[in-house]
2 protein chains.
Amino acid sequence: MIFSKTCEYGTRAVIYIAQQTKNNKRTSLKDISEQIGSPEAFTAKILQQLVKHNILISTKGANGGFAVDKKKLKRIKLMHIVFAIDGGEYRDMCVLGLKKCSAKDPCPVHHKFKHVKKDLLSMLNNTTLDELTNKMNDGKSFLKLD
Amino acid sequence: MIFSKTCEYGTRAVIYIAQQTKNNKRTSLKDISEQIGSPEAFTAKILQQLVKHNILISTKGANGGFAVDKKKLKRIKLMHIVFAIDGGEYRDMCVLGLKKCSAKDPCPVHHKFKHVKKDLLSMLNNTTLDELTNKMNDGKSFLKLD
DNA sequence: ACTAATTCGGACGTGTTTATCCGATTAATT
DNA sequence: AATTAATCGGATAAACACGTCCGAATTAGT
């Protein structure tokens with residue numbers, strides 16, 4: 001859909017990990033993939049990527065696992081996760097796939113789409129990890145639904 | 001990006017064809033793919049699909065080519081093209097990729113995303129082919145930019 | 001009738017995303 | 001020291017999206 005599957009799994013994982021972090025728990029790959037309903041080995045790759053981008057902290061060995069730096073919970077935005085995985089391509093996306101679609105040289109849909117794009121980007125840019133975990137803890141949101 | 005490449009090419013093609021139709025010209029695959037900058041053979045497949053979905057009319061043989069039923073120019077919406085190619089998946093799309101994300105059982109991003117989704121869908125649902133070709137004829141929009 | 005221009009349909013090839021597997025490494029527990 | 005539980009990194013496989021090729025069918029013009 002709008003984001004790659006990698007990005008979807010990655011975001012769900014980060015939210016779950018952040019939630020556990022708030023409860024002072026580190027969480028393992030196995031636990032994560034079970035809780036968010038994602039393939040384990042594939043999720044491992046995604047988490048590695050997020051560690052490299054300093055969104056997650058990992059510790060090896062027994063009792064190891066993943067966590068989020070608590071100080072960063074309010075600083076990390078959805079945008080950071082999405083950009084870490086899918087790259088910054090969303091900035092200049094064009095509905096019709098033109099490489100250089102701009103206000104000056106627009107595709108026919110440009111001006112009707114720009115508001116949607118702006119809203120999407122500001123949503124990604126304003127939604128914090130902290131906020132999302134709160135919704136989880138309220139018990140009113142889910143990371144796995146079939 | 002947001003739509004598949006197939007869908008991007010397809011939409012560009014339909015807009016170009018509609019523009020030619022307005023000038024009472026049928027247009028050939030070769031012409032189309034040149035004008036919108038898409039791979040010819042691949043575009044052929046997409047156009048076939050759009051013919052099957054009654055968005056385009058094709059005529060075989062010498063002097064053949066593609067056109068849009070003029071009476072439909074104001075009836076065909078961006079949505080119809082997108083749905084014909086990518087399917088109706090956009091209706092229930094979830095940022096986090098959950099199959100059954102809804103107001104009742106939402107993912108943590110659901111309520112922040114629903115406005116964006118609504119705007120996107122209404123944009124697709126309100127933008128007519130006629131309107132898009134007008135922007136082309138004004139010379140202020142492009143279907144090919146590199 | 002013949003030729004040229006075109007779409008149609010099916011098979012095939014390529015590339016990217018999604019996904020798995022396994023050995024190496026690290027750290028806690030016994 | 002040995003065992004166990006975990007992440008890391010590289011190779012590989014499967015599925016899907018993207019793209020090509022070519023012969024068959026159709027139509028217009030000569």
Side-chain angles (χ1 to χ4, degrees), chain A residues 1-14 17 20-21 25-68 82 84-87 89 96-97, chain B residues 1-14 16-17 20-21 25-68 82 84-87 89 96-97 99:
Chain A
M1 275 295 68
I2 178 159
F3 299 126
S4 70
K5 221 157 194 175
T6 308
C7 192
E8 292 172 352
Y9 292 151
T11 308
R12 305 220 298 268
V14 172
I17 295 165
Q20 296 306 104
T21 294
K25 291 180 195 158
R26 248 174 311 183
T27 177
S28 71
L29 170 63
K30 188 156 173 288
D31 183 35
I32 295 162
S33 59
E34 271 168 14
Q35 292 301 314
I36 71 172
S38 67
E40 191 172 321
F42 187 47
T43 307
K45 295 299 185 204
I46 303 169
L47 296 183
Q48 275 184 51
Q49 222 177 318
L50 290 164
V51 168
K52 277 183 191 142
H53 279 86
N54 296 306
I55 288 170
L56 294 177
I57 297 164
S58 69
T59 55
K60 281 184 166 185
N63 256 326
F66 297 88
V68 179
V82 171
I85 296 175
D86 280 357
E89 9 168 56
L96 301 189
Chain B
M1 276 295 65
I2 179 157
F3 298 125
S4 69
K5 222 159 194 172
T6 308
C7 192
E8 291 172 353
Y9 292 150
T11 307
R12 304 219 302 265
V14 172
Y16 177 69
I17 295 164
Q20 297 307 103
T21 295
K25 289 180 195 159
R26 248 174 314 182
T27 176
S28 70
L29 169 63
K30 188 156 173 289
D31 182 34
I32 294 161
S33 57
E34 271 167 15
Q35 293 300 315
I36 71 172
S38 66
E40 190 172 322
F42 188 47
T43 306
K45 295 298 183 200
I46 303 169
L47 296 183
Q48 274 184 52
Q49 222 177 319
L50 289 164
V51 168
K52 278 183 192 144
H53 279 87
N54 297 305
I55 289 169
L56 295 177
I57 297 163
S58 69
T59 55
K60 283 182 164 186
N63 254 326
F66 297 88
V68 179
V82 172
I85 297 175
D86 279 358
E89 9 168 55
L96 302 189
K99 290 274 180 297

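Naming: A, B, ... by sequence-line order, numbering from 1 per chain. Remember, it's a predicted structure, so these values are computed and weren't measured experimentally.
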At under 4.0 Å between heavy atoms, which parts of nucleotides 12-26 of chain C does protein reach? Answer with one letter per nucleotide, 5' to 3': B base, S sugar-phosphate only, - none.
------SBB----BB
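- Contact between Y9(B) and G37(B) at its shortest, heavy atoms only, is CE2-O, 4.5 Å.
- Contact annotation: the side chain of K45(A) never approaches that of Q49(A) to less than 4.5 Å [non-hydrogen atoms, C-beta and beyond].
- E8(B) and R12(B) are not joined by a salt bridge, as no carboxylate oxygen comes within less than 4.0 angstrom of a charged side-chain nitrogen.
- Going from atom CE of M1(B) over to atom P of dC18(D) covers 12 Å, rounded to whole Å.
- Taking atom CG on L50(B) and atom P on dC8(C), their separation rounds to 11 Å, with Å as the unit.
- When atom types are taken as modelled, the side chain of D86(A) and the backbone of F3(A) share no donor-acceptor pair closer than 3.5 angstrom.
- Contact annotation for L29(B): backbone-only contact, meaning every heavy-atom pair under 4.0 Å involves sugar-phosphate atoms and none involves a base.
- Distance CD (E8(B)) to P (dA17(D)): 14 Å, rounded to an integer number of Å.
- Rounded to an integer number of Å, the gap from Q49(A) CD to dT7(D) C1' is 15 Å.
- Looking at the side chain of F66(B), the nearest of the listed nucleotides dT7(D), dG29(D), dT7(C) is dT7(C).
- The closest donor-acceptor contact from the side chain of T21(A) to the backbone of V68(A) lies under 3.5 Å.
- Distances shorter than 4.0 Å separate some side-chain N or O of S58(A) from OP1 or OP2 on dC8(D).
- F42(A) is listed as a side-chain neighbour of T6(A), based on a closest heavy-atom distance under 4.5 Å.
- Atom CD1 in I46(B) sits roughly 15 Å away from atom C1' in dC8(C) (whole-Å rounding).
- Here the C1' atom of nucleotide dG10(D) and the CD atom of Q48(A) are 10 Å apart, to the nearest Å.
- Taking atom CG of D31(A) as the reference point, atom C1' of dA5(D) lies 14 Å away to the nearest angstrom.
- Counting to the nearest Å, the P atom of dA6(D) and the NZ atom of K30(A) are 8 Å from each other.
- Counted by atom type alone, S38(B) and T43(B) present one or more donor-acceptor pairs between their side chains at under 3.5 Å.
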